[in-house]
**Student:** 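Below you will find the structure I want to go over with you.
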Amino acid sequence: MALDFGNMANEMESLCEMLDEAEEMNAKNSEQSNSALKGPGDIGPKYTKKKEPKKKRTTEIWDEDEVPEEDLNFGVDDGDNRPEPEYRTAYRQGVRSEDMFLGIDGKDPGSHCCDDLIVTVHA
């Protein structure tokens, strides 16, 4: 296998010419790319956002004028003069041996795991 330096020199020259042509084409494409990179958002007039005045940041969530007045008589019927009876509410949970010792159902003592709500009214 003999090295043909004349052939290698011709190939290197051809490679350099190809790279020069590629650089020239990239330069032409970069000039045209500004107009070619338009998309659907470029159709029609440009939308500009109006700048709103910045509000002063505080730890409050709402302004006073955004919170409505609380109606203290909500749910109270004006024509009902009867006294409200005394009552007590309690939660009942159905617990079985599987719940106590194995914890299969995943119940805990919280009210969200209760099965019944008991209301006791004292007359």
Side-chain angles (χ1 to χ4, degrees):
M1 188 177 207
L3 293 176
D4 187 11
F5 290 111
N7 193 15
M8 267 176 90
N10 288 337
E11 288 180 7
M12 289 299 286
E13 287 178 17
S14 300
L15 182 60
C16 288
E17 288 175 10
M18 286 175 49
L19 292 174
D20 289 339
E21 289 176 11
E23 286 178 4
E24 289 174 8
M25 289 178 70
N26 283 337
K28 288 180 185 177
N29 287 340
S30 66
E31 291 173 4
Q32 295 175 355
S33 66
N34 292 337
S35 62
L37 293 177
K38 295 197 182 236
D42 296 322
I43 299 173
K46 299 293 181 197
Y47 176 73
T48 57
K49 249 186 179 178
K50 293 181 181 179
K51 293 185 178 180
E52 296 180 10
K54 292 185 178 180
K55 291 184 177 181
K56 187 172 74 172
R57 295 195 72 160
T58 63
T59 58
E60 296 177 0
I61 298 174
W62 296 288
D63 292 334
E64 286 185 30
D65 57 341
E66 294 177 332
V67 179
E69 292 278 333
E70 185 178 351
D71 185 14
L72 299 176
N73 293 326
F74 180 74
V76 176
D77 190 10
D78 292 334
D80 191 6
N81 295 330
R82 297 178 292 175
E84 184 176 331
E86 191 176 318
Y87 61 92
R88 184 176 62 96
T89 59
Y91 299 102
R92 185 183 348 191
Q93 186 177 43
V95 180
R96 301 180 307 213
S97 60
E98 296 96 18
D99 301 326
M100 263 325 257
F101 299 109
L102 300 175
I104 293 175
D105 286 343
K107 289 186 178 182
D108 60 16
S111 61
H112 63 278
C113 290
C114 293
D115 300 323
D116 300 316
L117 173 66
I118 300 171
V119 179
T120 306
V121 179
H122 303 286

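Only heavy atoms go into these numbers, but all of them, side chains included; no hydrogens, no water, no symmetry mates.
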**Student:** Taking Cys113's backbone N and O only, do any of them form a donor-acceptor pair with Gln93's side chain (distance below 3.5 Å, no angle check)?
**Tutor:** yes
**Student:** Are Tyr87 and Thr120 packed together at the side-chain level, in the sense that at least one heavy-atom pair is separated by less than 4.5 angstrom?
**Tutor:** no
**Student:** As an exercise, state the distance from CD of Glu13 to CG of Leu15, rounded to the nearest 0.5 Å.
**Tutor:** 11.0 Å
**Student:** Take Thr89 and Leu117 through the side-chain contact (heavy atoms from CB on, under 4.5 Å) test and state the conclusion after the steps.
**Tutor:** CA-CA 7 Å; Thr89 59; Leu117 173 66; 4.3 Å; yes
**Student:** Under the 3.5 angstrom rule, does the side chain of Asp116 hit a backbone N or O of Arg92 as a donor-acceptor pair?
**Tutor:** no
**Student:** In chain order, what residues pass the side-chain contact (heavy atoms from CB on, under 4.5 Å) check against Asp65, with sequence neighbours excluded?
**Tutor:** Asp63
**Student:** Might you point out which heavy atoms bring Gly94 and Asp115 nearest each other, and give the distance in Å?
**Tutor:** N-OD2, 2.9 Å
**Student:** The criterion is side-chain hydrogen bond (donor to acceptor under 3.5 Å, both in side chains); which residues satisfy it with Arg82, sequence neighbours excluded?
**Tutor:** Asp80
**Student:** Are Leu19 and Met12 linked, directly or through intermediate hydrophobic residues, by side-chain heavy-atom contacts shorter than 4.5 Å (ILVMFWY only)?
**Tutor:** no
**Student:** Please report the interatomic distance CE(Met25) to CD(Glu23), rounded to the nearest 0.5 Å.
**Tutor:** 12.5 Å
